[in-house]
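Here the structure is laid out as structure tokens; the discussion comes afterwards.
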Amino acid sequence: RGGVLFSSSLGAEDQVLTDLILKIDKSVQIVTLDTGRLPHETYKTIEDTEKKYQIKIQVQFPDYISVENMVRSKGINLFYESIENRKECCSVRKLEPLARAMKEKSLWITGLRKEQSVTRSDMKFAEWDEKYSVLKINPLLNWTEKQVWDHIKENNVPYNELHDKGYPSIGCAPCTRAIEEGEDSRAGRWWWEDPATKECGLHWKDGKLVPNKQKSDKSMFV
């Protein structure tokens with residue numbers, strides 16, 4: 001095994017890491033997942049990033065047969081019906097494509113920050129990921145939101161225009177909304193669910209979500 005993979009969702013944190021990584025080593029493989037349900041603004045971010053840094057981001061797609069079978073069986077917007085359906089959709093559109101990209105890799109870089117969510121406050125700078133059998137590095141884990149945006153502005157880093165429209169966290173279009181003042185930064189992701197379940201599965205430990213010990217305030221969410 002060998003090789004380094006940086007998985008980017010094209011969010012603000014990942015754009016900061018893209019800038020930092022490419023200033024050091026342009027051979028690092030940058031992968032993003034195209035679920036087939038992404039906002040137009042995310043595709044534009046891919047284009048802007050490739051132009052600025054003169055690179056090609058590896059776009060990883062889900063298996064079309066799995067997507068077709070899932071949609072035919074449970075409907076085009078199955079994720080609104082139950083947590084189980086939503087997790088299945090995330091698994092087909094995100095987990096399986098990332099698993100393919102992760103083959104033969106020994107180091108996985110992510111843009112996770114503790115401030116983002118109650119589900120991420122217990123994460124460490126470096127930890128072993130059992131699911132993919134790789135060392136996972138979270139370089140921005142202790143960065144503040146201000147530090148992220150200061151870096152973007154100071155270095156003219158391309159970023160997703162949805163951030164300017166109240167979207168601090170951006171995923172698939174049907175599963176992401178702008179947040180209201182005072183809401184958690186990930187309140188707009190799968191907003192119909194309990195905060196403690198709001199991960200797609202990419203960053204669960206031992207194949208499952210490890211919830212934060214402190215209670216979540218459900219009243220913050222729509």
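If you read the sequence from its start, that first residue is 1, and numbering goes on from there.
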[X] side, atom [atom1]; [Y] side, atom [atom2] - distance, nearest 0.5 Å:
X	Y	atom1	atom2	result
Asp184	Trp191	CG	CH2	15.5 Å
Glu13	His151	CD	NE2	12.0 Å
Leu10	Asn160	CG	CG	7.0 Å
Leu38	Ser9	CG	OG	10.0 Å
Tyr80	Cys89	OH	SG	10.5 Å
Trp108	Lys131	CH2	NZ	7.0 Å

For [X], side chain to side chain donor-acceptor pair (under 3.5 Å) partners two or more places apart:
X	value
Thr49	Gln15
His163	none
Asp48	Lys44
Tyr43	Asp34

In terms of hydrophobic clusters joined by side-chain contacts under 4.5 Å, are [X] and [Y] together?
X	Y	answer
Leu17	Ile170	no
Trp192	Tyr167	no
Met102	Phe61	no

Quick check: closest heavy atoms across [X] and [Y], and the distance to 0.1 Å?
X	Y	value
Thr176	Ser169	CG2-O, 3.2 Å
Glu145	Arg113	N-NH1, 3.3 Å
Ala173	Pro39	N-CD, 4.0 Å
Phe6	Thr18	CE2-OG1, 3.2 Å
Ala101	Leu5	O-CD1, 3.3 Å
Phe79	Cys175	CD1-SG, 3.8 Å

Show the numbers, then the answer: is there a side chain to side chain contact (heavy atoms under 4.5 Å, CB included) between Glu193 and Ile83? CA-CA 7 Å; Glu193 294 184 12; Ile83 292 177; 3.9 Å; yes

Between Lys26 and Gln54, do the side chains contain an N or O donor and an N or O acceptor separated by less than 3.5 Å?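 No pair is found: no donor N or O on one side chain lies under 3.5 Å from an acceptor on the other.
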
Are the side chains of [Y] and [X] in contact, using a 4.5 Å heavy-atom criterion?
X	Y	answer
Pro97	Arg100	yes
Met123	Lys114	no
Ser7	Leu33	no
Leu98	Tyr132	yes

Walk me through whether Ser66 and Val92 qualify under side chain to side chain contact (heavy atoms under 4.5 Å, CB included). CA-CA 7 Å; Ser66 297; Val92 169; 3.9 Å; yes

Tabulate below the donor-acceptor pairs under 3.5 Å that side-chain atoms of residues 68-75 make, not counting sequence neighbours, or state none.
from	atom 1	to	atom 2	distance (Å)
Asn69	ND2	Ile65	O	3.3
Lys74	NZ	Asn85	OD1	3.4
Lys74	NZ	Glu88	OE1	2.6

Considering residues at least two apart in sequence or located in another chain, which fulfil the side-chain contact (heavy atoms from CB on, under 4.5 Å) criterion with Pro168? Ile179, Ser185

Let me know which of Ile30, Ile21, Leu22 forms a side-chain contact (heavy atoms from CB on, under 4.5 Å) with Tyr53.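 Only one of Ile30, Ile21, Leu22 forms a side-chain contact (heavy atoms from CB on, under 4.5 Å) with Tyr53, namely Leu22.
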
Verdict with supporting geometry, Leu112 and Leu140, side chain to side chain contact (heavy atoms under 4.5 Å, CB included): CA-CA 6 Å; Leu112 301 179; Leu140 304 185; over 6 Å; no

Charged N to carboxylate O below 4.0 Å: is that the case for Glu41 and Lys165?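 Looking at Glu41 and Lys165, the cut-off is met.
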
I'd like to know if Arg177 and Glu183 make a salt bridge, using a cut-off of under 4.0 Å between side-chain N and carboxylate O.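 Counted as a salt bridge, because a side-chain N and a carboxylate O are separated by less than 4.0 Å.
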
Sub-3.5 Å donor-acceptor pair from the side chain of [X] to the main-chain atoms of [Y], do we have one?
X	Y	value
Gln147	Thr144	yes
Thr32	Ser8	yes
Asn138	Leu141	no
Gln29	Gln58	no

Are the aromatic rings of Trp149 and Tyr159 close, with centres under 6.0 Å apart? yes

Determine whether more than 12 heavy atoms belonging to other residues, nucleotides or ligands lie under 6.0 Å from atom NZ of Lys23. yes

Show your working on side chain to side chain contact (heavy atoms under 4.5 Å, CB included) between Lys105 and Val4 and close with a plain yes or no. CA-CA 6 Å; Lys105 298 296 184 293; Val4 179; over 6 Å; no

